Number of protein chains: 2
Amino acid sequence: MVHIDPFDVSDEAIDYSKLIKEFGTQPISSIGNLPNIKHFRRGFVFSHRDFDVFLNAIKKGDKTSIITGINASGSLHFGHKWTMDLVIALQREFNLPVLLTISDDEAYVTGKVKSQEEALENSKLIAAQLLALGFNPNKTKILVHQKYTKIYNLAIKLSPRCTMNEIKAIYGFDMSRNPGQWFYPIIQAADILLPQELEGKHHVLVPIAIDQDPHLRLARDIAERAGYIKPATIHMKFLRGLKGGSKMSKSKPGSAIFLDEDPKKAVKLCMQALTGGQPTAEEQRRLGGDPDKSVVIEYLGAHFIDDDNEFKKLVDDYRSGKILDGETKQLLARHVESFLASFQPKVEEYKKDIDSYLMVD
Amino acid sequence: MVHIDPFDVSDEAIDYSKLIKEFGTQPISSIGNLPNIKHFRRGFVFSHRDFDVFLNAIKKGDKTSIITGINASGSLHFGHKWTMDLVIALQREFNLPVLLTISDDEAYVTGKVKSQEEALENSKLIAAQLLALGFNPNKTKILVHQKYTKIYNLAIKLSPRCTMNEIKAIYGFDMSRNPGQWFYPIIQAADILLPQELEGKHHVLVPIAIDQDPHLRLARDIAERAGYIKPATIHMKFLRGLKGGSKMSKSKPGSAIFLDEDPKKAVKLCMQALTGGQPTAEEQRRLGGDPDKSVVIEYLGAHFIDDDNEFKKLVDDYRSGKILDGETKQLLARHVESFLASFQPKVEEYKKDIDSYLMVD
């Protein structure tokens, strides 16, 4: 069985429609008028809670904002980029303030990094990468827990609104874990409710990958009890790993292309990606490839081919055997190389005075 | 059976020598050369861990400091004053830096105050009262968790050095408590280890009432695992409540004289205190009183009569029937009234810019 929680996702193909039932969420198709953003058009966003309410609030001109978070275990990879591209697109489409929280504390208490110093270094790299991806620096706040420890005060404020039994029921922790791990969900809830705490009650959207949904459930329950508006959420599918599997992930060796990867090495990784092709070129020309199986096609569609017709043509040509694996890999490799070559200097530029972009106590 | 933990002390007479066995500590009498401070001379300090090591470090001229903490549930009372008088005496005797931590977060998560704002107000009052009691402002740091949220970072740093099972074993919490309560012990450990974190490994003394010993056990265990010197501790008996019982306590109605009490009302409280006298003045003159039973005598000795011979004379005269309850009460009332009348304006003075005395992030 596929296992999905905030700390572990098993490496099998995921049936997302089944997840909607399991998690008790709404299919995104229940909303008629979705934003004209690639991630929605191509079915990457598959589920939601109260996204209709959030869109209505925007339409009515009510105060709205976005908050989403990233773990500080290391450099972002293309899986993160794909989800952050959606948040950036939403920010642009609706001119929304965005709060990005980087959980360096969680990275440390779960053992993903060895020290708080390492977690802080990672956080600064990630913050620079997020800005370089295209967040509007004037409408975006970046919060690193170690630098904005005031978040502890909000977590404490919210704490009497839930019990350890609830945390146990949602996360299934056992008592051999450390107190920081058990406390982290309430810090995460504080992150999610911080925009309303700082700027008054308003409609907040939390775009997340589906594995983070337990955090949302707790935050929504606490929100109701503490007098905030329940935050809305949209659930994103995972970008698959280089060799296939459920998701691109730092914890699955060989599955990720990191945004700080040397561009030449990234090219080599692209050439090793899973395809949907046949054993020989001759067979592929004759029988065609399976575009749904090809991670190469998936990455091209997600990151580089924005025009839907152009992407459809690529998929059709691949299915018919007109385009072979080698060509798709070359195409992906060129895109990845050129993206990283122009992205990485931007990151270096932001890193120079990254502290000025971080929220301070 | 007497029940003693950091959150509850049952209201019966306490057999302190039994506690030494139960808690696995050392009797203070095992140390030959105790400081010449009233609290030691009169048997108020009854037990310790590594106090001999701490005194040796002072003798050798090694770096040493004191840290102790107070809950922010409300104004200090004479029970707190008696323990703080000891810390002040130690600071003076050995010219020691002192860190005073005020746990406004604990007061809130345990429901002792209704809001963080109330906890912060209390903290500022307490900080001003501590300074007015006589701590040296140049050698004393005051830390309020809500104002110095960086303490969260140290708690997170220490967190992987213990498990929830250990917290459960030490505190006996159940899962209906909130996450802030379960996390608080690690914040408390962070308080205790902060002096070494900020200023390098050194010998730290933590003077506490015996009910706080569980916090020390956890902090000492974590200290060892995290590479700090295990903090030493001395255990203080409780000052009894006005009507007798185990301790003067805010949570035991009618047991306390608060330091912010109206002096005239405090006089009335003194007149209602438990004595060791006889039903009539005639009988008391004939049979004498029981000085050990008299809370009035206890308070006079603790707070106002520093000279041991003078105090011995009072006790003897009381036992022999030479001094009656009415006289001891009058004596106590005059002392309390005059103390409060000169103390409270000092508190107001410190309150004016109390923020400048608090540690900031």
Side-chain angles (χ1 to χ4, degrees), chain A residues 103-120 144-171 173-190 197 218 222 225 360-361, chain B residues 103-120 144-171 173-190 197 218 222 225 360-361:
Chain A
S103 47
D104 56 330
D105 42 358
E106 191 213 352
Y108 175 71
V109 292
T110 58
K112 287 177 189 163
V113 294
K114 287 203 189 66
S115 68
Q116 287 171 309
E117 290 73 21
E118 185 185 343
L120 188 57
V144 176
H145 289 151
Q146 224 174 135
K147 298 288 277 186
Y148 186 80
T149 49
K150 265 189 193 162
I151 198 69
Y152 173 67
N153 280 345
L154 181 53
I156 285 298
K157 179 177 177 180
L158 300 175
S159 186
R161 306 290 183 169
C162 78
T163 70
M164 292 296 272
N165 273 324
E166 280 181 273
I167 292 178
K168 190 172 178 54
I170 292 177
Y171 295 89
F173 292 155
D174 70 53
M175 302 295 278
S176 67
R177 296 206 185 213
N178 66 55
Q181 284 174 291
W182 275 87
F183 192 66
Y184 180 69
I186 193 83
I187 288 280
Q188 178 83 250
E197 176 72 11
L218 184 66
I222 291 174
R225 297 170 197 158
V360 286
D361 273 329
Chain B
S103 47
D104 56 329
D105 43 357
E106 191 213 354
Y108 175 71
V109 294
T110 58
K112 287 176 188 164
V113 294
K114 287 202 190 68
S115 68
Q116 288 172 308
E117 290 72 22
E118 185 185 343
L120 188 57
V144 177
H145 289 151
Q146 223 174 135
K147 299 286 278 185
Y148 186 79
T149 50
K150 263 189 193 163
I151 198 69
Y152 173 68
N153 279 346
L154 181 53
I156 285 297
K157 179 177 177 179
L158 301 175
S159 185
R161 306 291 183 170
C162 77
T163 69
M164 292 295 273
N165 273 324
E166 279 181 274
I167 292 178
K168 190 173 178 54
I170 292 177
Y171 295 89
F173 292 155
D174 70 52
M175 302 295 275
S176 68
R177 295 205 185 214
N178 67 56
Q181 284 173 290
W182 276 87
F183 192 66
Y184 180 69
I186 193 84
I187 288 279
Q188 178 83 253
E197 176 71 11
L218 184 66
I222 291 174
R225 297 169 197 158
V360 285
D361 273 328

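All of these numbers come straight from a predicted model, not from anything done at the bench.
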Could you look at B:K168 and say if it's the side chain, the backbone, both or neither that has a heavy atom under 4.5 Å from chain A?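 The side chain, not the backbone.
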In terms of heavy-atom proximity below 4.5 Å to chain A, should B:Q146 be classed as side chain, backbone, both, or neither?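 Contact with chain A: backbone and side chain both.
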Pick one of side chain, backbone, both or neither for A:D361, based on which atoms fall under 4.5 Å of a heavy atom in chain B.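 It is the side chain, since no backbone atom gets that close.
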Kindly assign one of parallel, tilted or perpendicular to the pair A:Y152 and B:F183, based on the angle between their ring planes and the thresholds 30° and 60°.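 Geometry flag for B:F183 against A:Y152: tilted rings.
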Check: B:N153/A:T149 side-chain N/O donor and acceptor closer than 3.5 Å: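 A:T149 and B:N153 do not have a side-chain donor-acceptor pair below 3.5 Å.
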Ignoring hydrogens and geometry beyond distance, is a side-chain donor-acceptor pair present between A:S176 and A:D174 at under 3.5 Å?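 Note: A:S176 and A:D174 side chains meet the donor-acceptor criterion.
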Chain A interface, residue from B:K150, B:K157, B:H145, B:K147 that has the most non-hydrogen pairs under 4.5 Å: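 Going by pairs under 4.5 Å, I would pick B:K157.
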Could you have a look at A:A155, A:G180, A:P179 and say which one has the most heavy-atom pairs with chain B under 4.5 angstrom?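 Max contact count across the listed options: A:P179.
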Under a 4.5 Å heavy-atom cutoff, which of A:D104, A:D105, A:I167, A:I186 has the most pairs with chain B?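 Heavy-atom pairs under 4.5 Å are most numerous for A:D105.
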Which is it for B:R161 and B:E166 under the side-chain contact (heavy atoms from CB on, under 4.5 Å) test, yes or no, and what are the steps along the way? CA-CA 10 Å; B:R161 306 291 183 170; B:E166 279 181 274; over 6 Å; no
Please give me the minimum heavy-atom distance between A:Q181 and A:F173, naming the atom from each residue.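 Answer, listing the atom of A:Q181 first, then A:F173: O-CE1, 3.4 Å.
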